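Each chain gets a letter, A, B and so on, in the order its sequence line appears, and its residues count up from 1. Keep in mind the model is a prediction, meaning the values are calculated, not measured. Hydrogens, waters and symmetry mates play no part in the numbers below; they use all other heavy atoms, side chains included.
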Amino acid sequence: AQKITQTQPGMFVQEKEAVTLDCTYDTSDPSYGLFWYKQPSSGEMIFLIYQGSYDQQNATEGRYSLNFQKARKSANLVISASQLGDSAMYFCAMRERNYGQNFVFGPGTRLSVLP
Amino acid sequence: DTAVSQTPKYLVTQMGNDKSIKCEQNLGHDTMYWYKQDSKKFLKIMFSYNNKELIINETVPNRFSPKSPDKAHLNLHINSLELGDSAVYFCASSQSGGRYENIQYFGAGTRLSVL
């Protein structure tokens, strides 16, 4: 079964607007971490933001914030004030602490920022 | 200074050959990983390794083997290359323990093309 689901294969957003990239996950491990990575066309994987399952507050890193809804098992990435350089693939990932401890990545969402 | 470096960036080779991809990290991390990203951008973990334990994804053929001469290096050896091995291979590293345990930092990737 898919552990990480990203239902939006592609998204468009106007420059300077905010955009939300969806991520839902499936786990029975009470202790896990959620991550978002960015992969621009140049190919490298860039860490953006992290949320622990026990964190009480949503994570924020600059223009990135993670909308963590534990009961719904969702961890959506919000990018505020989009920039042209935000155009990239975005991957949601999860690490379960107790079950295998491996990282699982979602299929990704391709974000295109329009001028 | 590049935190996680892989060489070569591109690798073109014939079916049946044996090849290696090198990975080095200068972050002082204790765990390293290899991932395979296929043509649909799906990213799948192949190995995770620290100085205590090698965890192998059971779906990885035994033609693939990680070799770690020391904590800062994890090389990937591939024997008898097949057409289906064509992909981008990413090395990553992380540090266990602490709040941001296992946030992974990736290399730039090695694009392997098997002809």
Side-chain angles (χ1 to χ4, degrees), chain A residues 2-6 8-11 21 23 29 31-57 59-61 64 66 75 87-111, chain B residues 2-6 8-11 23 25 27 29-50 52-60 87-113:
Chain A
Q2 277 278 47
K3 290 227 171 193
I4 299 283
T5 302
Q6 295 179 253
Q8 308 150 315
M11 286 279 287
L21 306 183
C23 173
D29 190 337
S31 180
Y32 53 90
L34 297 158
F35 307 79
W36 278 91
Y37 284 84
K38 172 184 178 182
Q39 187 176 38
S41 56
S42 50
E44 72 268 33
M45 294 285 289
I46 302 167
F47 167 72
L48 294 178
I49 196 166
Y50 165 81
Q51 180 86 42
S53 58
Y54 294 116
D55 291 344
Q56 296 297 314
Q57 291 187 317
T60 61
E61 293 285 347
Y64 304 108
L66 201 151
S87 294
M89 283 288 286
Y90 288 81
F91 293 94
C92 179
M94 175 177 66
R95 175 187 176 265
E96 297 163 302
R97 177 178 288 276
N98 296 311
Y99 300 156
Q101 301 193 30
N102 276 334
F103 276 77
V104 178
F105 280 77
T109 295
R110 183 174 294 282
L111 176 67
Chain B
T2 304
V4 182
S5 60
Q6 297 178 227
K9 190 167 174 63
Y10 300 97
L11 183 55
C23 179
Q25 54 96 4
L27 297 167
H29 288 166
D30 62 2
T31 308
M32 296 182 73
Y33 311 81
W34 277 104
Y35 286 86
K36 179 181 181 181
Q37 187 175 42
D38 62 24
S39 57
K40 295 182 179 178
K41 299 290 188 182
F42 190 67
L43 200 64
K44 193 167 184 181
I45 192 164
M46 301 174 71
F47 305 100
S48 66
Y49 182 79
N50 63 23
K52 300 172 190 172
E53 192 177 13
L54 171 66
I55 301 174
I56 302 171
N57 185 322
E58 61 189 14
T59 67
V60 175
V88 180
Y89 292 84
F90 284 97
C91 176
S93 72
S94 69
Q95 179 61 40
S96 55
R99 164 164 168 70
Y100 295 101
E101 179 179 18
N102 284 324
I103 290 176
Q104 297 184 0
Y105 295 89
F106 283 75
T110 295
R111 183 175 293 277
L112 171 65
S113 298

Exercise for the section: Heavy-atom distances under 4.5 Å only: say whether A/Met45 touches chain B with side chain, backbone, both or neither. Expected result: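 For A/Met45, backbone and side chain are both near chain B.
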Do you know the tightest heavy-atom contact between [X] and [Y]?
{"X": "B/Phe90", "Y": "A/Gln39", "result": "CZ-NE2, 3.3 Å"}
{"X": "A/Phe47", "Y": "B/Gln104", "result": "CB-O, 4.1 Å"}
{"X": "B/Ile103", "Y": "A/Tyr50", "result": "CD1-CB, 3.9 Å"}

Handout entry: Side chains of A/Arg110 and B/Lys41 in contact at under 4.5 Å (non-hydrogen atoms)
Key =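 Yes - at least one pair of side-chain heavy atoms lies under 4.5 Å apart.
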Handout entry: Reported OG-to-CZ distance for the pair B/Ser94 and A/Arg95, which is rounded to 0.5 angstrom
Key =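 Here the rounded value is 7.5 Å.
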Handout entry: Straight-line distance of A/Phe91 CZ to B/Phe42 CZ, nearest 0.5 Å
Key =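 Those atoms lie 9.5 Å apart.
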Handout entry: Check: B/Tyr35 ring centre within less than 6.0 Å of A/Phe105 ring centre
Key =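 Judged by ring-centre distance (under 6.0 Å), B/Tyr35 and A/Phe105 do meet the cut-off.
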